[in-house]
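What follows is a set of notes on a single structure, which appears directly below.
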Amino acid sequence: MIFLLARRQLLRQVAAQNARNFSSQAGAAEVNRLGVVGAGQMGLGIALVAAQRAQVPVTLVDNSQASIDKSLKFADKLLEKDVAKQRITKDDALAARERIYATTTMDDLSNVDFVIEAVPEIPDLKTSIFSQLALTCPKHAILATNTSSISVTKIAAATTNGYPTDLSAASRVISTHFMNPVPVQKGVEIITGLQTSQSTIDTAVAFVKRMGKIPSQSADSPGFLANRILMPYINEAIICLETGVGGRDDIDNIMKNGTNVPMGPLQLADFIGIDTCLAIMKVLHEQTGDSKYRPACLLTKMVDAGWLGKKTGKGFYEY
Ligand code: NAD
């Protein structure tokens, strides 16, 4: 009986979230400066597309100068490639690059209108960043997360900094879940927490569109839509590899040539990041309690070995 009541309440919450208005951006606020926290593969991609397509100045924050240096080098390479392929002019590339200001200081986010967090998929790290963002960013700024699987409601709750009834920052928290690689993939999942206000939704949807992306709506449920579907597929491919159902190339080739996807699941795991895949599977497993989401043993071992995929030069493939 208690289970049925809890389930009914959950369904009501999901229905209320789904009833929010995603189609009109009447209450959208202007975004004149974007902040991005985390200059890894997603953060850099988001900063670059915002600077190029939305043409906003971007403050890119990372706690590692080495990550910033690596990312800015990569940004230069991507822009050079765009110029070489005549997709943009040299002046456009220069202007986009000049719009990105990189820093290791979170306090530099004190003048942004919208911030997107893209630090690793570790729940405690995300919540500590959001409690800091609530104190550092202006009181009107939208606080968005690029989380792949962690509850937006939980992340938003961290902004109250111990005052659970103070929803002023929590109402400005939302997820804008960009896909990898950001310059290429058009889809962005928009996920609202229980606390998210309509004007936050309007501003986020309008800004994502300004970046040339196509927003889709997902409920705040473990893994949302994209990773609820994608990660068990990747995890199953890894289980097939470790139990000898097929070799690496057979697994990737049959999916590539048999379902017309651009790359097989093991190569895709390398591109996403093996640590990110494990973190998402753990969230799915822990939050649903469903054993069908248990991470493959090999996935855990690869993270222990530091074989995190393309970003570290070794995963299922070598780079
Ligand atoms: P990444 O490991 O490439 O980058 C993370 C960056 O965050 C690093 O540069 C790191 O130095 C920085 N960082 C760590 N702690 C920090 C702190 N306290 N303050 C500031 N910077 C800090 O990770 P990623 O692949 O870019 O993933 C980032 C987020 O995007 C994760 O939540 C992930 O789940 C999500 N995501 C990833 C993908 C993907 O395919 N990789 C796709 C969609 C969403």
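Ligands are counted one by one from 1 in listed order, and the atoms in each one are counted from 1 as well.
- Near A39, the atoms of ligand 1 lying under 4.0 angstrom from a non-hydrogen atom of the residue are 9 (O).
- Annotation: V119 places an N or O atom under 3.5 Å from an N or O atom of ligand 1; distance criterion only.
- Closest heavy-atom approach to atom 21 (N) of ligand 1 within the set N63, L230, L44: this belongs to N63.
- Near K311, the atoms of ligand 1 lying under 4.0 angstrom from a non-hydrogen atom of the residue are 1 (P), 2 (O).
- No N or O atom of M179 sits closer than 3.5 Å to an N or O atom of ligand 1.
- For ligand 1, the polar-atom distance check finds an N/O of N146 within less than 3.5 Å of one of the ligand's N/O atoms.
- Below 3.5 Å of separation, one finds an N or O of S67 facing an N or O of ligand 1.
- The distance criterion of under 3.5 Å between nitrogen or oxygen atoms is met by M42 with respect to ligand 1.
- Within ligand 1, the atoms closer than 4.0 Å to a non-hydrogen atom of S148 are 33 (C), 34 (O), 35 (C), 36 (N), 37 (C), 43 (C), 44 (C), numbered from 1 in the order shown.
- Of the heavy atoms in I129, only side-chain atoms (C-beta onward) come closer than 4.0 Å to ligand 1.
- Every atom of ligand 1 with a heavy atom of H177 under 4.0 Å away is listed here by number and element: 43 (C), 44 (C).
- Taking each of L308, D62, I116 in turn, the one with a heavy atom nearest to atom 10 (C) of ligand 1 proves to be D62.
- In terms of polar-atom proximity, T276 is not counted as a contact of ligand 1, lacking any N or O under 3.5 Å from an N or O of the ligand.
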